[in-house]
2 protein chains.
Amino acid sequence: MATVWHCQAVTSASTAGAVRQGSLRELNLAVVLGRIATADRPPSRAAIASDTGLTRATVSAVVDDLIAGRLVVEAEPEPRAGAGRPARGLRLAGDGPAGLGLEVNVDYLAACVVDLTGQVRHHEMHRADLRPLSPGDALARLVELAGRARTAADRQGLTLAGATLAVPGLVDAHGLVRLAPNLGWREVDVPALLAGHPALTGTVADGPALTVDNEANLAALGELHATPGTASFLHVSGEIGIGAGIVLDGALFRGARGWSGELGHVPVDPAGPRCRCGARGCLETYAGQEAILAAAGLAGADLPADTAARRLADLAGAGDRATLDALRAAGTALGVAVSGVVNLLDLDTVVLGGGYATLAPWLRPPVAAELADRVLTAAWSPVTVRAAALGPESAAVGGAGSVVRRIITRPSGWLGRRE
Amino acid sequence: MATVWHCQAVTSASTAGAVRQGSLRELNLAVVLGRIATADRPPSRAAIASDTGLTRATVSAVVDDLIAGRLVVEAEPEPRAGAGRPARGLRLAGDGPAGLGLEVNVDYLAACVVDLTGQVRHHEMHRADLRPLSPGDALARLVELAGRARTAADRQGLTLAGATLAVPGLVDAHGLVRLAPNLGWREVDVPALLAGHPALTGTVADGPALTVDNEANLAALGELHATPGTASFLHVSGEIGIGAGIVLDGALFRGARGWSGELGHVPVDPAGPRCRCGARGCLETYAGQEAILAAAGLAGADLPADTAARRLADLAGAGDRATLDALRAAGTALGVAVSGVVNLLDLDTVVLGGGYATLAPWLRPPVAAELADRVLTAAWSPVTVRAAALGPESAAVGGAGSVVRRIITRPSGWLGRRE
DNA sequence: GCTATTTGTTCAGTGGTTGAATTAAATGGC
DNA sequence: GCCATTTAATTCAACCACTGAACAAATAGC
């Protein structure tokens, strides 16, 4: 049966569990694999040893385990100047375990497979209005995509080690979707609905564990995956609602209870228009999709998210005055809200994702202007604003990447289950 | 010579160092000591073993080390029902290592000593306007307080294991005070200025290490120390500027570069009055000390922070209309800014600290009202707003507590240096 | 071809946990 | 009052994983 977990928040060292004897090896597996994963070029055993302070003997033993577990392969001997026996480089295996990423959104389903090296090895998107469907029917369609993803993975010699499902809503620690307003879901027990499906309980012992998580969080992780260079940033997903994913030092920040990131209801002007949440002047009333469409004269069009952004981009590209004004106003409001976040959390990069990625050429300037004005440390080091590297597939890729990431940070889980 | 470190941000597991052979014991020392520190009542060795999954044999060995290192003592056998040999309880030693907390602020100096159990064993505050003094002169006065604190600690059988200095400004990772506007400090190398002083380099091998940190951060830690029940909260320090300390799961959140918490420049109304930072409508222009004083008709009084809050409280208590209105307006603005933070970070407790603690009876209602209106999850679980448990001494206590906390989370540092 | 050099492996040694057996100290039934 | 029972803590041989040094492998330079 598929087991379910939920990505844990960053916990302090004091709450960490006890260290058993075997934990030593577990931890060193993670340390060595982490070095191999983050190194610029395939490192040798000796280089890892001198970097980490471990003995070459220990590193060799650990690497043997990693190779036996299909997590690492030896690369071609890298040309090196000077004397000495040539090193054998180590890199992540491209044909070992892989992660399955799934997404249910308002107007599409998506599935993708990401291997250990971060390559997207399979990707499929299915456009359809999911709102009329029951959760069970929507998930049944998703399972079809998951089945094809599994087949594609098998054909490429990959073993799916876990799956993560992105949902646009609040998800609790057990994978229960508390509320996904734009899908019309409420208290949907996704793991229970997906429990029996063969596409998700397959070849690996125990089958791929399923994680359910918020779409904005996973989109931020997808961005981290696509551009591993920036380890800390704020990822803003502009869809019908506005979500934020906060990535710090390569890890997703989840807040105290895991429901962080409600950027859409950060106040922009306390005397502003009333929001559907009941308050006044939330960011969503200025920069939410409906607000932008209304300001551009497209009210009531009820377009799916992706189409709406493209439509606005087309109009703006054609020089439509009302659209340009609407985007500038939205960008300014977004900049005000985001500069509050940046002042508070001391970030230096803001990524415009979701529908905002498409609209970035018009949103970026006003957002950047507000940040330059309002961020206290902007004088020291300016805040970068850029469009997301991935499109709408970002959340699925981020979900698959989180599975892979989990293997890399805790390889013992994968190695242990191989027996 | 006094060595200097800076409290580290929470880092992900992947960046953790390699695990050497001895690390096993190091980690288990921390695990066992952590259990003893956080337990409600003195736990027995057997209880720790079954809680952590370690063997009773291992726990006994670890506890022996902790007792030998004066970190733990055996408590009186606790009365227990049923048969069996009575357990010997374990609790933190009250006469082992202790932390020294220091603070330089605009109108006072403070020093305090906190023992392992969290008890404040010594406290001294010296009121004086520090602004006319050079950094060197101010620190020279502080050293006098530190010397008396050391004497008091010695008399009580405590060994100072480290010191933390709170400064109202931006501090970098080396203890360099980049900018403390209200003190008039800029690029002050505090560790260098304090290096030679005997009060800070004393009986312990290597002397107490000195950490320099931001006052708002440490005040939040002080609050955590005083009320360990709430592990996640936002601590707002209202002084001349407005700082925020974010505590998550018992750990201080520092942001990407360690300069988080600039709540004072979170926008409240983008079209509001111009702030001294150059932007418009920052929280500081509504709820900063000067703004409240001006609105209450006390502009230009140039009162020290502590006095100003007390003066306003007196006037409000006497029913002064202008003051009551000023406080309500400030509270509303504060509530708007804080609800943005709470939406973003999903916190459930807000603590009013610094000068706001004195004014809490008048600030709390409007802040709570805004939070109830604006926080999305408020319907599920309401956000608590309360005054800080500690007064102005909070930062010094928090600093001393951070020294103690460091010993508890990494006891090997203390045990190692005893040789 | 020989030496210097660097990589990777082998192997005895050691630190620290493991698990079972043992001792210690109390309760409760008879 | 004595003994079986129960729980706490210690002791000790076994074992796991890291350590450090010696050794084998592979290359460049002379």
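Being a predicted model, the structure only gives us computed values, none of them experimental. Side chains are part of it too, since the values below use all heavy atoms of this structure and drop only hydrogens, waters and symmetry mates. In what follows, chains are A, B, ... by sequence order, proteins preceding strands, each numbered from 1.
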Quick one: is D/dT10 close enough that its OP1 or OP2 comes under 4.0 Å of any side-chain N or O from B/Ser60? yes
Is the distance from OP1 or OP2 of C/dG16 to the nearest side-chain N or O of B/Asn28 less than 4.0 Å? no
State plainly whether the residues A/Arg254 and A/Asp213 are in salt-bridge range, i.e. N to O under 4.0 Å. yes
Out of B/Leu160, B/Val113, B/Leu100, which one pairs with B/Arg150 under the side-chain contact (heavy atoms from CB on, under 4.5 Å) rule? B/Leu160
In whole Å, what is the span from the CG atom of A/Leu66 to the P atom of D/dA17? 14 Å
With respect to the side chain of B/Thr55, which nucleotide from C/dA25, C/dG19, C/dT7 is positioned closest? C/dG19
Ignoring the backbone of B/Leu24, work out which of C/dG16, C/dG8, C/dG19 is nearest its side chain. C/dG16
Taking the minimum atom-to-atom distance to the side chain of B/Arg45, which one of D/dA9, C/dA20, D/dC18 wins? D/dA9
Check: B/Arg85 side chain, C/dA25 base, donor-acceptor under 3.5 Å: no
I need the CG-P distance between A/Asp51 and C/dT7, as an integer number of Å. 12 Å
What is the distance, rounded to the nearest whole Å, between atom CG of A/Leu415 and atom P of D/dA17? 13 Å
Using OP1 and OP2 only, check whether a side-chain N or O of B/Arg25 sits under 4.0 Å from C/dG15. no
Between C/dA26, C/dT18, D/dA8, spot the one nearest the side chain of B/Leu54, thanks. C/dT18
Donor-acceptor pair under 3.5 Å: do we get one between A/Arg56's side chain and the base of C/dG8? yes
Rounded to the nearest Å, what distance is computed from the CG atom of residue B/Leu90 to the C1' atom of nucleotide D/dA8? 12 Å
B/Thr55 side chain vs B/Thr58 backbone, donor-acceptor pair below 3.5 Å: no
Nearest whole angstrom, please: distance from the C1' of D/dC16 to the CG of A/Leu29. 14 Å
Considering just the side-chain nitrogens and oxygens of A/Thr58, establish if one lies under 4.0 Å of OP1 or OP2 belonging to D/dA17. no
Here the gap from B/Phe233 atom CZ to B/Leu248 atom CG, rounded to the nearest 0.5 Å, amounts to 9.5 Å
What does B/Ala57 touch in the nucleic acid at a heavy-atom separation under 4.0 angstrom: a base, only the sugar-phosphate, or nothing? base
Here's a test of your reading of the structure: between A/Glu26 and B/Glu74, which maps to the more 5' nucleotide of DNA chain D? B/Glu74
Separation between OG of B/Ser60 and CG of B/Leu54, rounded to the nearest 0.5 Å: 11.0 Å
Can you tell me the distance, in whole Å, between the CG atom of A/Asp65 and the C1' atom of D/dC16? 13 Å
